[in-house]
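All values below were derived from every heavy atom in this structure, side-chain atoms included, with hydrogens, water molecules and symmetry-related copies excluded.
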Amino acid sequence: MFFRFILFGFLLTGCFASCYGQDTTLCRIAFHGHVIDSKSKEALTGVVVFVKELNQGATSDVLGEVNFHAFCPGKYVFVCELIGYEKLSDTIKVDNGIHPIFALKPEDHKLHTILIQGERKKEDLVTISRSTLDSTDLDKTRGQSLGESLKDVAGMNSVQTGPGVSKPVIHGLYSNRILILNNGVRQEGQQWGMDHAPEVDPFTASEISVIKGAGSIRYGSDAIGGVILLEPKKLPMTPGINGEITLVGASNNRMGAGSAMLEGALGKKLTGLSWRVQGTYRRAGNSETPHYYLDNTGFEEIDFSGALEYKKEHYGVQLYYSEFSSQIGILTASHIGNASDLYLAISSPVPIEKSVFSYKIDRPYQSILHRLFKSSAYLLFPSLGKLAVTYAWQVDYRKEYSADISYNDSIAALNLPELYFKILSNTLDLNWYHPTFRNFSGSIGISAITQGNVYRGTDFFSVIPNYRNYGTGTFIIEKWSKNKLSIEGGLRYDYLWLQVYMYNQNLVRVNPIHAYDNLTTSLGATYKLNEKLSFYLNYGSAWRPPGPNELYGMGVHVSAATFETGDSTLGVEKSYNFTGSVLYHLNEKLKVELGLYNNTIDNFIYLKPDLKPVILISGAYPSFHYVQANVVFRGIDLDFNYHITRRLVFISKSTFVRAFNYSINDYLIFTPADRFQNTVRYEFKPIGRWKKCYIGATNIYVAHQNRVPPNSDFAAPPASYTLFNAEVGTFFDLWKRPMEINISVNNIANTAYRDYLDQLRYYADESGRNFIIRLKIPLFRARVAKDALN
């Protein structure tokens with residue numbers, strides 16, 4: 001089957017040769033508009049701009065800018081809507097270099113029913129740099145995990161535990177310092193582990209935004225390093241049914257993935273009621289390096305989600321449910337029987353155990369099941385603003401099975417996990433967004449959480465104990481905007497209570513209690529000098545109490561193949577983060593964004609290698625323990641986009657992170673190395689049914705991380721490496737439906753390398769060459785007859 005994909009790729013490449021030289025106009029014009037108040041001439045945020053001919057919409061940002069991509073030249077009808085303003089409909093001829101201004105007139109009478117299509121979008125933390133991947137960007141990463149999908153964003157990296165587990169890194173920080181907001185809900189699971197990937201399905205997101213700075217003022221302590229927002233597309237409002245199917249195939253681990261979505265809206269007496277169901281299946285076998293297979297590195301994942309929403313003129317209610325289930329194999333070579341074999345495995349260029357390809361997942365492996373239920377509602381008051389409430393229930397089951405099986409046949413037959421965690425979370429958020437008054441807009445909110453973890457594993461000691469915690473927080477954020485300047489400030493207070501239930505090393509039951517509270521502040525400004533140049537500056541304090549695993553964990557972490565020990569004396573992390581960025585945008589010719597940051601963290605908690613293994617009956621494991629240090633993270637993010645010609649574009653993204661440990665007067669370990677990514681992309685003219693034909697090549701260079709203390713790890717940081725990737729793609733009409741196909745090749749040269757942020761770099765190389773094909777198929781669009789709506 002895969003060779004058929006390759007043959008199809010050659011045929012597709014042939015289409016580009018046909019496309020080249022044609023005179024048909026290229027449908028890749030980007031549209032940049034500006035929305036203002038017709039009286040005050042101030043920029044308007046949250047305006048919904050809808051293009052009738054494309055059936056697409058976008059929302060204006062804090063500077064009043066609204067952006068669309070992939071226009072064909074011609075006339076389009078733009079409809080602008082915002083609560084408190086008259087609806088504006090304008091016909092504009094789109095061509096390169098056009099930057100229209102939409103001037104909305106304030107209205108004094110009641111809201112129009114048409115505005116149920118999108119209440120005003122309120123954005124916080126607008127002075128902190130953020131990057132957004134829209135549906136077009138995400139379509140090129142379908143089939144990948146969240147961490148892999150975000151690696152192309154400047155300032156982002158990922159930590160890995162082999163080919164099956166990847167977690168996002170923002171400015172050198174990861175795990176429970178990065179908050180993931182999935183469809184407006186804090187993702188609560190076992191996010192504390194480096195080897196615990198987020199339990200989310202990226203197929204459900206039509207947009208992913210990364211806030212690259214402390215978001216604690218809005219979201220609480222887990223946002224000390226940044227926030228990742230996964231937003232599904234809005235549920236449809238036009239009566240009818242539509243859907244799409246996305247198929248992905250990969251050669252290296254012979255992965256197959258499919259995702260299907262079906263959605264619709266009702267009319268007549270049920271106008272305002274809409275729904276969506278979505279499901280995803282992924283399966284892969286052993287990954288292959290340039291020289292050998294990685295034994296037991298397959299995975300299987302099954303996801304499902306459903307949403308139901310009812311919207312009227314002044315209120316709306318939404319119900320959402322999702323389920324994420326996966327089984328991930330753990331590299332067999334990472335579980336070693338004795339100390340001498342462990343040292344041999346770390347020093348060997350190849351794993352001790354050889355393998356062949358197989359889809360079978362055997363011990364050691366991890367099994368995860370995550371369920372989420374969300375209920376949200378809002379009320380719109382013409383003179384008082386918007387009141388929104390969200391309740392979420394989440395339960396997360398994690399089982400980890402070691403390579404060692406009991407010598408008792410009856411016990412072995414039960415296949416019991418060595419580690420088994422069940423964490424149950426309830427969260428409640430209440431937010432009030434007040435109407436704009438004398439250039440001020442803002443919000444006040446209250447949040448609460450209850451959480452409990454139950455341990456049921458066969459190992460007596462665990463890397464995370466039983467615990468119960470309660471937390472609450474309240475915040476206020478205000479923004480003042482006038483002409484070119486916006487200033488935003490915020491204040492937040494949090495309280496957290498934690499009780500742990502465990503046996504100490506003397507096998508005595510103890511129930512220690514910890515209580516934490518903290519005041520968080522934020523102040524920032526955005527200044528738009530002109531249409532081309534904008535400046536962003538922000539200072540934010542943040543905090544994070546130590547987690548139960550950092551305080552009291554002790555035992556084998558099966559999925560990481562390590563032995564970890566906590567420290568009950570650890571204190572609270574406190575962060576003081578300065579971020580600044582400059583954005584220069586010269587029409588469609590040039591776009592440059594430069595970001596700088598300085599993040600000082602007192603009492604930073606990290607796993608420090610003990611440089612000697614722990615020997616147990618089950619095997620030998622590299623040993624780590626949690627320590628604290630005063631550190632500083634400094635860095636630069638550079639995003640450069642230059643159109644050499646109308647069709648040829650050069651894109652460069654660079655990430656630099658420097659982390660210094662003042663407690664030892666040396667560099668901090670496990671910090672991302674410098675990363676450079678350069679892409680050249682050519683877009684052809686369309687011909688016939690083939691449209692938006694493109695071809696691209698990417699070079700990725702990751703430097704050797706030489707900024708580490710001497711003799712600070714079980715193995716020295718690996719050498720630098722260079723990768724070459726390529727892709728081709730197009731849109732085409734088949735059976736009167738627009739389909740999208742993308743074929744990419746990662747690691748074309750089949751380079752053997754190891755990455756410093758991969759926990760399994762001690763034992764094996766990264767994956768080798770990989771061909772990937774993606775096909776997106778819209779199913780249909782069935783509309784309800786007009787007479788049924790009357």
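Looking at Asn725, Thr655, Asp152 one by one, the single match for side-chain hydrogen bond (donor to acceptor under 3.5 Å, both in side chains) with Gln677 turns out to be Asp152. The residue from Glu199, His370, Gln366 that alone fulfils the side-chain hydrogen bond (donor to acceptor under 3.5 Å, both in side chains) condition with Arg398 is Gln366. The ring-ring contact (aromatic ring centres under 6.0 Å, His included) test with Phe578 is passed by exactly one of Tyr539, Phe633, Tyr536: Tyr539. If you run side chain to side chain contact (heavy atoms under 4.5 Å, CB included) between Arg177 and each of Ile170, Ile605, Val169, Asp222, only Ile605 comes through.
Panel note: side chain Glu573, backbone Ile601; no donor-acceptor pair is recorded below 3.5 Å. The backbone N or O of Arg218 sits less than 3.5 Å from a side-chain atom of Arg492, completing a donor-acceptor pair. With hydrogens and angles ignored, the 3.5 Å screen pairs a side-chain donor or acceptor of Arg363 with a backbone N or O of Ser402. Put simply, the side chain of Asn252 gets close to the backbone of Arg769: a donor and an acceptor are under 3.5 Å apart. Using a distance-only test at 3.5 Å, with no hydrogens or angles considered, a donor-acceptor pair links the side chain of Asn286 to the main chain of Val356. With hydrogens and angles ignored, the 3.5 Å screen pairs a side-chain donor or acceptor of Asn296 with a backbone N or O of Ile330. Between the side chain of Ser355 and the main chain of Leu294, no donor-acceptor pair closer than 3.5 Å is present. For Asn506 (side chain) and Val508 (main-chain N/O), no donor-acceptor pair under 3.5 Å exists by modelled atom type. Judged by distance alone, the side chain of Asp666 and the main-chain N or O of Asn661 form no donor-acceptor pair under 3.5 Å. Under a 3.5 Å cut-off, the side chain of Arg754 and the backbone N or O of Arg761 do form a donor-acceptor pair.
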### Task
Evaluate the criterion side chain to side chain contact (heavy atoms under 4.5 Å, CB included) for residue pair Leu607 and Tyr626; output intermediate values, then yes/no.
CA-CA 5 Å; Leu607 273 174; Tyr626 286 100; 3.5 Å; yes
### Task
Decide side chain to side chain contact (heavy atoms under 4.5 Å, CB included) for Phe650 and Phe640; before the verdict, give the C-alpha distance in whole Å, the side-chain angles of both, and the deciding distance to 0.1 Å.
CA-CA 8 Å; Phe650 172 72; Phe640 181 87; 3.9 Å; yes
### Task
In sequence, state the C-alpha distance, the side-chain angles, and the governing distance for Asn603 and Asn630, and then conclude on side chain to side chain contact (heavy atoms under 4.5 Å, CB included).
CA-CA 5 Å; Asn603 297 324; Asn630 295 328; 4.2 Å; yes
### Query
Can you list the steps and then say if Phe656 with Phe676 is a ring pair (Phe, Tyr, Trp, His ring centres under 6.0 Å)?
CA-CA 9 Å; Phe656 306 89; Phe676 304 86; 5.2 Å; yes
### Message
Before you tell me yes or no, could you show the steps for Asn518 and Lys574 under side chain to side chain contact (heavy atoms under 4.5 Å, CB included), namely the whole-Å CA-CA distance, both residues' side-chain angles and the distance that decides it to 0.1 Å?
### Response
CA-CA 9 Å; Asn518 194 75; Lys574 292 192 175 181; 3.4 Å; yes
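One side chain, Thr132 or Ser209, offers a donor N or O that lies under 3.5 Å from an acceptor on the other. No hydrogens or angles considered: a donor-acceptor pair under 3.5 Å links the side chains of Tyr721 and Asp755. Lys212 and Thr579 form no side-chain donor-acceptor contact under 3.5 Å, judged by distance and modelled atom types alone. For the residue pair Glu400 / His196, a side-chain donor-acceptor distance below 3.5 Å is found, with atom types taken as modelled. With 3.5 Å as the limit, one finds a donor-acceptor pair spanning the side chains of Ser575 and Asn599. Side-chain N/O atoms of Asp765 and Thr289 include no donor and acceptor closer than 3.5 Å. Between the side chains of Asp567 and His625, no donor-acceptor pair is found at a separation under 3.5 Å.
In this structure, Met156 CE and His171 NE2 are separated by 9.0 Å, a value rounded to the nearest 0.5 Å. A distance of 14.5 Å separates NE2 of His335 from CG of Asp341, quoted to the nearest 0.5 Å. Taking CG of Asn176 as the reference point, atom CG of Asn549 lies at 7.0 Å (rounded to 0.5 Å).
In this structure, Ser654 has no side chain to side chain donor-acceptor pair (under 3.5 Å) partners at least two apart in sequence or on a different chain.
At a threshold of 4.0 Å, the pair Asp674-Arg658 counts as salt-bridged, since one of the basic side-chain nitrogens sits closer than that to a carboxylate oxygen.
Between Trp543 and Tyr516, the ring planes lie tilted relative to each other; the angle falls in the 30° to 60° range. The aromatic rings of Phe670 and Phe624 sit tilted, their planes meeting at an angle between 30° and 60°. Classified by interplanar angle (parallel below 30°, tilted 30° to 60°, perpendicular above 60°), the ring pair Phe714/Tyr762 is perpendicular.
Taking 4.5 Å as the limit, every side-chain heavy atom of Thr722 sits out of range of all side-chain heavy atoms of Thr751. Annotation: side chain of Ser720 is in contact with side chain of Tyr701 (closest heavy-atom distance under 4.5 Å).
Other residues, nucleotides and ligands contribute over 12 non-hydrogen atoms within 6.0 Å of the CG atom of Asn706. Environment of CZ in Phe357: crowded, with over 12 heavy atoms of neighbouring residues, nucleotides or ligands closer than 6.0 Å. Residue-environment remark: NZ (Lys612) stays at or below the threshold of 12 foreign heavy atoms within 6.0 Å.
Checked against a 6.0 Å centroid threshold, the rings of Tyr552 and Phe461 do not count as neighbours.
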